[in-house]
Amino acid sequence: MFTGLFGQDQGSDDTADQARAEPMSVQVQELVSEQVSRELEVQGQTEAEADIQLRAEVAGRVTAVQGAEGDEVTTDELLVEIAMGNRASLQAEAEARVMQREADFLAAERLGDEGFQSEIAVAQARAELAAARAQLDSIEEQIRHTQIRAPIDGYLETLPVSVGDYVSVGDSVARLIDADPLIITANIAQQNIQQVQPGRTAQVELATGDVLSGRVRFIGSAANDGARTFRVEVEAANPDRLPVGMSATLRVPLGEVQAHKLSPAWLSLADDGEIGVKGVDRDNRVLFYPVEIVRAERSGLWVSGLPPRLS
């Protein structure tokens, strides 16, 4: 009978058993939990409170331009003026027509009361007076539109016209931006949207490094198609005129939790892919503790799910 072992040193089994019996040396550091704020962090961008494109509502030659790009403007401030053309004479003609139609109507109404004028004639005089007044209103509205004024307080972003330019109806004459408050928008995943509440304070870090404090003012009621995310708006005071269109990191606090701060290198994966940290119990046995990442900082990670004291 052959054993299948040829020339094997019998002492090797004893050596292997001895190696398995010797405990492994590990480095241990004690961790103590602290109360930290749990945050929801998402990426977004800055937008203006108002971004208005002003367009010409009447055609004509530009006769005056007030201010320059970057200037601060106030509500109802004159920005661009368009030539009156023949609108002044048309207004005078329309005013005279209204006066004539008013006299005709009063005469027809008086004669009608005395029985010398039919009801149809009185109604016709009333209609002609209404038409004359409507024509005068239309001309006066055109005259008002020759002066383009700021509808809000803000800053002139662009002013693409100069004195002497001819503009048609619909041509852009100015872009006005109100960026105070600054609006930060982000899309939050459906599984996290219920954790965000209107009025809750949020911290915003811009790509420039500026940090602002704001409040949640809007949460979308319908998910974005396909992405299953919801639009959230945070407004923050912007006295320094920080620009719109920048990338921003939005952090919304979700309450406080007991957590431990540790190096990301200490994290490990279980066989099922669960994230956790290894610790040592009182009997010097290594245990695996599943954890949840609460907050990430440059100096380390805050995780929850560990005992108050861990070594």
Side-chain angles (χ1 to χ4, degrees), residues 36-55 66-75 77 79-80 150-161 172-255 264 293-302:
V36 297
S37 296
R38 191 164 177 264
E39 295 179 340
L40 175 63
E41 181 177 308
V42 291
Q43 299 302 311
Q45 65 177 12
T46 60
E47 295 181 2
E49 168 71 2
D51 189 343
I52 301 174
Q53 195 80 35
L54 300 180
R55 300 184 182 275
Q66 306 291 334
E69 293 177 350
D71 284 356
E72 183 176 5
V73 298
T74 57
T75 301
E77 183 176 338
L79 303 178
V80 177
I152 60 171
D153 295 347
Y155 294 89
L156 274 173
E157 180 69 14
T158 58
L159 194 61
V161 296
S172 176
V173 296
R175 182 185 178 192
L176 195 60
I177 289 180
D178 176 16
D180 189 12
L182 190 67
I183 308 304
I184 301 90
T185 64
N187 293 317
I188 294 183
Q190 58 185 357
Q191 61 267 28
N192 297 322
I193 193 61
Q194 287 189 333
Q195 302 178 61
V196 183
Q197 301 296 327
R200 178 165 290 178
T201 301
Q203 187 182 66
V204 181
E205 183 176 353
L206 304 183
T208 56
D210 295 283
V211 177
L212 305 175
S213 179
R215 68 174 185 86
V216 178
R217 74 169 192 179
F218 171 79
I219 301 174
S221 300
N224 298 320
D225 293 340
R228 295 295 183 266
T229 59
F230 293 81
R231 177 183 172 91
V232 172
E233 294 181 2
V234 172
E235 66 173 22
N238 186 23
D240 298 328
R241 291 182 60 183
L242 295 171
V244 301
M246 287 196 304
S247 298
T249 300
L250 181 62
R251 298 184 179 93
V252 182
L254 303 177
I293 297 176
V294 173
R295 196 170 73 198
E297 298 177 352
R298 290 185 176 90
S299 57
L301 296 178
W302 289 92

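Since the structure is predicted, the reported quantities are computational estimates derived from the model, not experimental observations.
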*Asks:* Would you say that Ile219 contacts Val196 through its side chain, given a criterion of any heavy-atom pair below 4.5 Å between the two side chains?
*Replies:*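 Of all side-chain heavy-atom pairs linking Val196 with Ile219, at least one is under 4.5 Å.
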*Asks:* Run the side chain to side chain contact (heavy atoms under 4.5 Å, CB included) test on Leu250 and Gln43 for me, step by step, so that the C-alpha distance in whole Å, both residues' side-chain angles and the decisive distance to 0.1 Å come before the verdict.
*Replies:* CA-CA 6 Å; Leu250 181 62; Gln43 299 302 311; over 6 Å; no
*Asks:* Would you say Val232 and Ile193 make side-chain contact, with heavy atoms under 4.5 Å?
*Replies:*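 They are in side-chain contact.
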*Asks:* For Thr74, what residues pass the side-chain contact (heavy atoms from CB on, under 4.5 Å) criterion, not counting sequence neighbours?
*Replies:*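 Scan of Thr74 (side-chain contact (heavy atoms from CB on, under 4.5 Å), adjacent residues dropped) gives Glu77, Asp153.
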*Asks:* Does Ser247 reach the side chain of Leu206, with side-chain heavy atoms less than 4.5 Å apart?
*Replies:* no
*Asks:* From Tyr155 OH over to Asp71 CG, what is the distance, rounded to the nearest 0.5 angstrom?
*Replies:* 10.5 Å
*Asks:* Which salt bridge (charged side-chain N to carboxylate O under 4.0 Å, His left out) pairs, counting each pair once, include a residue from residues 210-220, with sequence neighbours left out?
*Replies:* Glu49-Arg217, Arg215-Glu235, Arg217-Glu233, Arg217-Glu235
*Asks:* Heavy atoms only: give me the nearest Pro160-Val173 pair and the separation to one decimal.
*Replies:*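 Heavy-atom minimum between the residues: CD-O, 3.2 Å.
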*Asks:* Working to the nearest 0.5 angstrom, can you tell me the gap between Glu157 CD and Glu69 CD?
*Replies:* 7.5 Å
*Asks:* Taking all heavy atoms of Ser172 and all of Val161, pick out the closest pair and write down the distance.
*Replies:* O-CG1, 3.9 Å
*Asks:* Is it true that the side chains of Thr185 and Glu47 contain a donor and an acceptor less than 3.5 Å apart?
*Replies:*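 Yes - a donor-acceptor pair under 3.5 Å links their side chains.
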*Asks:* Before giving the answer on side chain to side chain contact (heavy atoms under 4.5 Å, CB included), spell out for Ile188 and Leu40 the whole-Å C-alpha distance, their side-chain angles and the decisive distance to 0.1 Å.
*Replies:* CA-CA 9 Å; Ile188 294 183; Leu40 175 63; 4.0 Å; yes
*Asks:* For Gln194, is the CD atom crowded, meaning more than 12 foreign heavy atoms sit under 6.0 Å from it?
*Replies:*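 No, CD of Gln194 has 12 or fewer neighbouring heavy atoms, counting only those of other groups under 6.0 Å.
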*Asks:* If only atom types and distance count, is the side chain of Asp178 paired as donor or acceptor with the main-chain N or O of Asp180 below 3.5 Å?
*Replies:* yes
*Asks:* Could you walk me through whether Leu79 and Leu156 satisfy the side chain to side chain contact (heavy atoms under 4.5 Å, CB included) test, starting with their C-alpha distance in whole Å, then the side-chain angles of each, then the deciding distance to 0.1 Å, before giving a yes or no?
*Replies:* CA-CA 9 Å; Leu79 303 178; Leu156 274 173; 4.3 Å; yes
*Asks:* Quick check: closest heavy atoms across Ile152 and Ala50, and the distance to 0.1 Å?
*Replies:* CD1-CB, 3.6 Å
*Asks:* Distance check, rounded to the nearest 0.5 Å: Gln45 atom CD versus Ile183 atom CD1?
*Replies:*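 Gln45 atom CD to Ile183 atom CD1 measures 12.5 Å (nearest 0.5 Å).
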*Asks:* Taking the side chain as every heavy atom from C-beta outward, state whether Pro264 and Leu301 have any pair of such atoms under 4.5 Å apart.
*Replies:*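 The answer is yes; the side chains approach within 4.5 Å.
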*Asks:* Any salt bridge linking Glu39 with Arg200? Criterion: basic side-chain nitrogen under 4.0 Å from a carboxylate oxygen.
*Replies:* no
*Asks:* What residues form a side-chain contact (heavy atoms from CB on, under 4.5 Å) with Ala189, not counting sequence neighbours?
*Replies:* Gln191, Asn192
*Asks:* Return the minimal non-hydrogen interatomic distance between Ile184 and Leu182, and the atom names on each side.
*Replies:* CD1-O, 3.7 Å
*Asks:* In terms of side-chain heavy atoms, does Thr249 have a donor or acceptor partner in Glu41 at a distance below 3.5 Å?
*Replies:* no
*Asks:* Under a 3.5 Å distance rule, please check whether Thr46 uses its side chain to pair with a backbone N or O of Met246 as donor and acceptor.
*Replies:* yes
*Asks:* Run Gln203 and Val211 through side chain to side chain contact (heavy atoms under 4.5 Å, CB included) and show every step you take.
*Replies:* CA-CA 7 Å; Gln203 187 182 66; Val211 177; 3.7 Å; yes
*Asks:* For residues Ala236 and Ser213, report the shortest heavy-atom separation together with the two atoms involved.
*Replies:* CB-O, 3.6 Å
*Asks:* Looking only at non-hydrogen atoms, find the nearest pair between Gly154 and Leu176 and report the distance.
*Replies:*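 Heavy-atom minimum between the residues: C-CD1, 4.2 Å.
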*Asks:* Salt bridge between Arg175 and Asp51, side-chain N to carboxylate O under 4.0 Å?
*Replies:*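 Salt bridge present between Arg175 and Asp51.
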*Asks:* Quick one: does Asn187's side chain get under 4.5 Å of Val42's, heavy atoms only?
*Replies:* no
*Asks:* Any non-hydrogen side-chain atom of Leu54 less than 4.5 Å from a side-chain atom of Pro151?
*Replies:*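 Yes; the side chains approach each other to less than 4.5 Å.
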*Asks:* Closer than 3.5 angstrom, by distance alone: can the side chain of Asn238 be matched with the main-chain N or O of Leu242 as a donor-acceptor pair?
*Replies:*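 Yes: the side chain of Asn238 pairs with the backbone of Leu242.
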